[in-house]
Amino acid sequence: MFVKPDINIAIVGAGVHALTLTLHLLQKRKDMGDRILAFDPSGSWLSQWHRQFAMQEIPHLRSPAVHHPAPDAFNLRRFAESRVDELHPPYDLPGTGLFQDFCKAAIEKFKVGDRVVKAKINRLEPLNRHFRLGLDDGSSMVARRVVLATNKTVVQIPKWVSQIKGDYPSNSLVHSHNLDLRSLGSLAGDGGDRSWRKGNANVSA
Ligand SMILES: Cc1cc2nc3c(=O)[nH]c(=O)nc-3n(C[C@H](O)[C@H](O)[C@H](O)COP(=O)(O)OP(=O)(O)OC[C@H]3O[C@@H](n4cnc5c(N)ncnc54)[C@H](O)[C@@H]3O)c2cc1C
């Protein structure tokens, strides 16, 4: 049975890896724009990246200015020519806002702003020589090729956490993935309220 694919390439996830792949593909094949779709529950590029940098109030990247999603490694440096104060020592680490604006400009330049479908993919099945992707709204789509860019990181919570007895402030023990510094106010000079440690909460071995 011949099945005509709806799209050529489906990318599951719309994080920085998905965007990098998309821009590199389009650099090589400009005509592919309408045949690539990314799928992400957020419906937009880099939502996870922006969320984490905002929640942890990170002022600049830890990677130098040549590491970014656009195909030309020096693009970000050129983009920053009028914003050199946003390249931080020791290796010209891009400021968070600079990086965000650069990615936004790259998304506009390659015209991929509308290439993210707001959906979680919860099923993937081979279909002749293609794949059928199941979307969380119940619909499906057929793609010639599928790239999983869902980030392999799985949050690990040690077993002993569930064994802690007693009450403790909910913001005193969170996984770094969920740590939102914006809700904590200034921590400068704050030794923390340790009263809950004095016997109210303990870990049984
Ligand atoms: C605090 C912090 C600082 C960092 N600083 C840097 C830095 O300076 N430089 C650097 O290079 N890296 C940095 N990183 C690492 C960087 O954030 C990750 O390497 C990067 O986000 C991984 O990109 P990704 O595209 O693989 O995954 P993600 O950015 O996590 O994107 C994966 C996407 O897949 C989606 N998804 C998952 N499952 C499905 C599904 N079933 N269907 C549809 N969509 C799905 C998710 O919603 C998500 O949007 C930092 C990370 C942290 C936590």
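In listed order, ligands and their atoms are each counted from 1. Heads up: numbering here begins at 1 and tracks the sequence.
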- Task: Report yes or no: does A149 have a heavy atom closer than 4.0 Å to ligand 1?
- Result: yes
- Which residue and heavy atom of the protein sit nearest atom 20 (C) of ligand 1, plus the separation: V16 CG1, 3.7 Å
- Item | For A119, the ligand 1 atoms whose distance to one of its heavy atoms is below 4.0 Å | 43 (C)
- Query: Is there a protein heavy atom at a distance of less than 4.0 Å from atom 18 (C) of ligand 1?
  - Reply: no
- Task: Looking only at distances, please establish whether an N/O atom of ligand 1 is found under 3.5 Å from an N/O atom of W49.
- Result: no
- Message: Within this structure, what is the CZ-NZ distance for the pair R115 and K111, rounded to the nearest 0.5 Å?
- Response: 13.0 Å
- Once you round to the nearest 0.5 Å, how far does CG of D92 lie from CD of E86? 12.5 Å
- Part of I58 within contact of ligand 1 (heavy atoms, under 4.0 Å): side chain
- Answer yes or no: does an N/O atom from I121 fall short of 3.5 Å to an N/O atom of ligand 1? yes
- Minimum-distance protein heavy atom relative to atom 26 (O) of ligand 1: H17 ND1, 2.6 Å
- Task: Output yes when a protein non-hydrogen atom is found under 4.0 Å of atom 5 (N) of ligand 1, and no otherwise.
- Result: yes
- Task: Begin from the C-alpha positions of D40 and K120 and carry the test salt bridge (Lys or Arg N to Asp or Glu O under 4.0 Å) through to its verdict.
- Result: CA-CA 6 Å; D40 197 291; K120 181 175 182 178; over 6 Å; no
- Query: Heavy atoms, side chains only, cut-off 4.5 Å: are L98 and L87 in contact?
  - Reply: yes
- Residue and atom name of the nearest protein heavy atom (relative to atom 31 (O) of ligand 1), distance in Å to one decimal: G15 CA, 3.5 Å
- Item | Heavy-atom check, side chain of R132 versus side chain of M141, under 4.5 Å | no
- Query: How does Q52 reach ligand 1, if at all, at less than 4.0 Å between non-hydrogen atoms: by side chain, backbone, both, or neither?
  - Reply: side chain
- Query: Quick one: CD1 on I11 to CD1 on I36, what's the gap to the nearest 0.5 Å?
  - Reply: 6.0 Å
- Message: Does either side chain, that of H177 or that of Q52, offer a donor lying less than 3.5 Å from an acceptor on the other one?
- Response: yes
- Note on the structure: atom 43 (C) of ligand 1 has as its nearest protein heavy atom F39 O, 3.3 Å
- Task: State whether the shortest distance between N or O atoms of Q48 and N or O atoms of ligand 1 falls below 3.5 angstrom.
- Result: no
- Task: Could you tell me whether Q56 approaches ligand 1 through its side chain, its backbone, both or neither, with non-hydrogen atoms closer than 4.0 Å?
- Result: side chain
- Could you please spell out the steps behind the side chain to side chain contact (heavy atoms under 4.5 Å, CB included) verdict for R78 and D72? CA-CA 10 Å; R78 282 194 286 276; D72 180 344; 2.5 Å; yes
- Protein contact of atom 38 (N) of ligand 1 - nearest heavy atom, named by residue and atom, plus distance: T150 CG2, 3.5 Å
- Task: Check each atom of ligand 1 against the heavy atoms of P41 and keep those under 4.0 Å away; list them by number with element.
- Result: 43 (C), 44 (N), 45 (C), 47 (O)
- Message: Can you report which non-hydrogen protein atom sits closest to atom 28 (P) of ligand 1, along with the distance?
- Response: N151 ND2, 3.7 Å
- What do we get for S42 next to ligand 1 when only non-hydrogen atoms under 4.0 Å count, side chain, backbone, both or neither? neither
- atom 46 (C) of ligand 1: which protein heavy atom is closest, and how many Å away? D40 OD2, 3.6 Å
- In Å, rounded to the nearest 0.5 Å, how long is the span from OG1 of T150 to NE2 of H17? 11.0 Å
- Message: Check contact between S176 and ligand 1, using heavy atoms of the residue and a distance below 4.0 angstrom.
- Response: no
- Message: Determine whether L61 and W49 satisfy the following criterion, side chain to side chain contact (heavy atoms under 4.5 Å, CB included), listing intermediate values before the conclusion.
- Response: CA-CA 11 Å; L61 273 68; W49 178 285; 3.7 Å; yes
- Could you grab the distance from atom SG of C103 to atom CG of L76, nearest 0.5 Å is fine? 8.0 Å
- Message: Using the ring centroid of each side chain, check whether H68 and F99 are separated by less than 6.0 Å.
- Response: no
- Nearest-0.5 Å distance, OG of residue S44 to NE2 of residue H50: 7.5 Å
- Query: Does E81 pair with R83 as a salt bridge, N-O distance under 4.0 Å?
  - Reply: no
- Item | Closest protein heavy atom (residue, atom, distance) for atom 15 (C) of ligand 1 | R62 NH2, 3.7 Å
- Query: By number and element, which atoms of ligand 1 are closer than 4.0 Å to a non-hydrogen atom of V12?
  - Reply: 40 (C), 42 (N), 43 (C)
- Counting both backbone and side chain atoms, is some N or O of S63 under 3.5 Å from an N or O of ligand 1? yes
